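Step one of this worksheet: look at the structure below.
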Protein chains: 2
Amino acid sequence: MREHFYAVIMAGGGGTRLWPASRPERPKQLMSFGSSNDSLLSETVERAAGVVGKEHVLVVVAANGAKSVLEDLKDFHAKQVPAEFSQGKSDALGEKGSGDPHEGNRKGVGVHPMGVPGVLVEPVGRNTAPCIGLAALLLAQKDPEAIMAVLPADHHIQDINAFRTTVTQALVQAAKGFIVTLGIRPDRPETGYGYIETGSLIDGAEGVFWSKGFVEKPDLKTAQRYLNAGNFLWNSGMFFMSAKKIIQEIHSSMPDLGKALTRLRDALQRGEGAFKEDLQRVYPEMESVSIDYGVMEKVEDLQVIPADIGWNDVGSWSALEDILGRDENDNTKQGEALFVESKGCVTYSDDGKLIALLGMQDVVVVSSGEGVLVCPKDKAQNVREITEILKNQ
Amino acid sequence: MREHFYAVIMAGGGGTRLWPASRPERPKQLMSFGSSNDSLLSETVERAAGVVGKEHVLVVVAANGAKSVLEDLKDFHAKQVPAEFSQGKSDALGEKGSGDPHEGNRKGVGVHPMGVPGVLVEPVGRNTAPCIGLAALLLAQKDPEAIMAVLPADHHIQDINAFRTTVTQALVQAAKGFIVTLGIRPDRPETGYGYIETGSLIDGAEGVFWSKGFVEKPDLKTAQRYLNAGNFLWNSGMFFMSAKKIIQEIHSSMPDLGKALTRLRDALQRGEGAFKEDLQRVYPEMESVSIDYGVMEKVEDLQVIPADIGWNDVGSWSALEDILGRDENDNTKQGEALFVESKGCVTYSDDGKLIALLGMQDVVVVSSGEGVLVCPKDKAQNVREITEILKNQ
C-alpha cells in the first residue's frame, strides 16, 4: 500500500500577512524561521519525503511563483538528492523532461520535468481546488492507486515524529476510500481560523473521528465556547485521499472543474504537447475556489484526526513568539535586536539591521526588504491593510 | 567695525542622541532635515556668511571628524564660492596652504589652508573651551581687532532674518568689549537645557540684558517656574566677544589653558611648522572643558540678548515635530512613511525604507544606517542609552 503514497505540496500562497518580509517574489513559504536556514517549503518537502519518499513528493506552484520556488528547491536538491536522482531520472509523473530545471518556468506552463521533488507549474494560480484536481489527475495517470497527502507549503511544524505518525495514519485511512483531514487541537480561543467539529469515534480506527462539518471563523465568544467544548479543531488545510476519490468528489461538487479535468485527461492521453496546450487554455478559465469551500464542506463521510504536531501556520508576526520562544522579558527576536526597558516585543530583521527598542511594550517590529513595520502585537493580523494600501498606490 | 566680524563654527559634536541616523562618521551636524539637502553645518555656515561674509567663517573640527566635515563643505564650496575664492586665495588666517583641501585632515593636525569657509582641525576634540581658545588665538594673530560669533554647527534655525539681526546686534555689542550670549525664549518647561537668568536692561542697547548667571538643567517644577517667571532663557551656546577678550577671560578663569595658548602663540610666531608641531603636542593634554563651565559662568559682565529666531537644537528625535511640522493626525515624517490608524508619531528614514506604522501612537521610528530605532516619543531623549550599550558590546 505504501508504495502508492504521494505528497502534493501547495506552494502557491501570496503571503501578504508577513509584510515587509514576505512579498510577491518571496512569499511566506520561502521564508525561514529560527535557527533553520531552510525555507518553510523546503522543510515541508523534507517532512513529506520522510513519509512518502523523496521521489513521491510533488510541489505545485503557479507560473509567477515558479522561478523562486525552483530556486529554493535547488538548494534542497543539492543537499538532499543522491546523484542518480539529481538529473531528473526519478520521474514521478512518467514524463520525459528536458532536464533543464527552469524549462517549466520559462514556458510558464505545464509539468516540470521531475527531479526530486517534482514541480508542477500551474499557468496561473486558481486557489486550491483546481490545483489539487490537476495534481490528482496527473498522479492518477501515473498510478491509478495513488493516495495523496495534500499539504500547505507554509506551515511550521515542531514535532516531526508526531507529524509522521499522524500523516501515515491519515494516508492509511485514505487508502480505505475516505477523505481524511488533520484537525489541530486549539490552545486558545483563536478567531482567525476555521474549525472542524468532530463527531463520533470511528470503529477500528483509533483516534479517527467522523467530521460533523466545517465551521466559519468564529467571533471571540464562540471561539471560547469551541475551546471549552473540546470537540472543535482548527482546520489545518491538510487533506488525505486517493486521487480517484478526490476527482470523483470534484465531479459531484464542482461539475465545471470536473469537466475541465476530463478535457485535460483526454489531452494527456494524446500526448504531452496536447496536454500543455490545453492546460494553458483551460486552466486560466477555471473558477478560483478553495478545496474547503468547493469540495470538503460537501463531503458526507469526511474523517478527522486530531493532531498534536506543534503546528503553526505563521499567520501573523505574533506567531514568532510560539515558534522562536520568548526570553526572560518575554521578548522574541529573529536577527539582530536590542531590547532596552522593553517587554513582550517581537522583532524580525533579515537585512542586517539592528532593531533597537527602548521603552516599548507588546509591539512587533520588522525590518526587511523595502520596509519597516511597527504595530502592536494584537494588530499583527491586520498587516494586510498595509499591503493593500501599497498595492493601490 | 564690521570688517572685524568673524564666525567660529564648532563642528565637533559626536551626536549620539539621533542614533541610528547620527553616528561617529556622520554626526548630527552633517544631517539634513526637511526639504533642505544641506546639512545643519552647511546651513550654519551659510547663515553665518550672511552676517560676517564668506571669507570670515572658520569651522573648527577635531581630526577624527575632519574628513566628513571637509567632504560636507566641499558641496558648499561647489555651490557657494565664486571661482576666485575656491583655490584657497581667501586666506582668513594668513597661512599659506598647499591648496589641497585634505591636507589638514591627512596630517590630523593644524590649520587647514583656508578656502571658504576656513577649516581649523584640532588634533583631538577637547570640548568647547580649548576649541574657542585656539580659534581666538589664530583670529587675533590675523586681526587683533577680531570680533567672534561662536556658533554650534548642529542647530536648526527657522528665521534667518531674525538670526541676522540678532547676531549683528550681538557682534556690535561684543565690539564694545563685552561677552554677549543669545538666550532663547522658552515655550515649554524644558528640563533638557541649561538656562540663563536675565537681569536689568542695558542702557543704550535696546533688547540687551545683563545676565544674572547660568542655571543648571532644572527639574520639571523649576522649569515651570522659569517659564512663568519670563526672565529665564535657554542657553543657546552662541557667544559673541572679541578674540582679545576671550583670551583674557581664559587666562583669568582657566590659567592652564591660558598658558597652553601662550605657548601656541609663541610657536605661531616662530612659524607654521613650529606651531603645528606644538599644537600636536600641547592640544591633547588640554583639559576637556566646556566654555560655559570653564569661562562663561565666571564672567561678571556677561550680557544676554533674548532671541526669537526659531531655534531648535535637534536634541532628540522628537524635535522633528517642530522642525518639520505635523500632519492632520499629528504625525511627522522625513523620508517614506505610511501611517495607518496611527497618531502623534515621528518617523525618519534616509535609507530608502518605507516605515509603515499600524495602530501606533506617540512613537518615534527611525531607519538609517546599521539600525532601526523604536521608542515612545517621551523616551526619545534617552536614545544615548542604546549607543552606550552598543559601544560597550
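In what follows, every chain begins at residue 1, and chains take the letters A, B, ... in the order their sequences are listed. As the structure is a prediction and not an experimental result, all values here were calculated from the model.
Sparse packing is recorded around OH of Tyr293(B), with 12 or fewer heavy atoms of other residues, nucleotides or ligands lying under 6.0 Å away. Crowding of Asp187(A) atom CG: a count of heavy atoms from other residues, nucleotides or ligands under 6.0 Å exceeding 12. Counting non-hydrogen atoms of other residues, nucleotides and ligands closer than 6.0 Å to CG of Asn37(B) gives a total of 12 or fewer.
Taken to the nearest 0.5 Å, the CG atom of Leu338(B) stands 5.0 Å off from the CD1 atom of Ile389(A).
Interface remark: Glu336(A) contributes no atoms to any contact with chain B (heavy atom separation under 4.5 Å).
Within residues 360-388 of chain B, the residues having any heavy atom closer than 4.5 Å to a heavy atom of chain A are Met360(B), Val363(B), Val365(B), Ser367(B), Ser368(B), Gly369(B), Glu370(B), Gly371(B), Val372(B), Leu373(B), Val374(B), Cys375(B), Pro376(B), Lys379(B), Asn382(B), Val383(B), Glu385(B), Ile386(B), listed by residue number.
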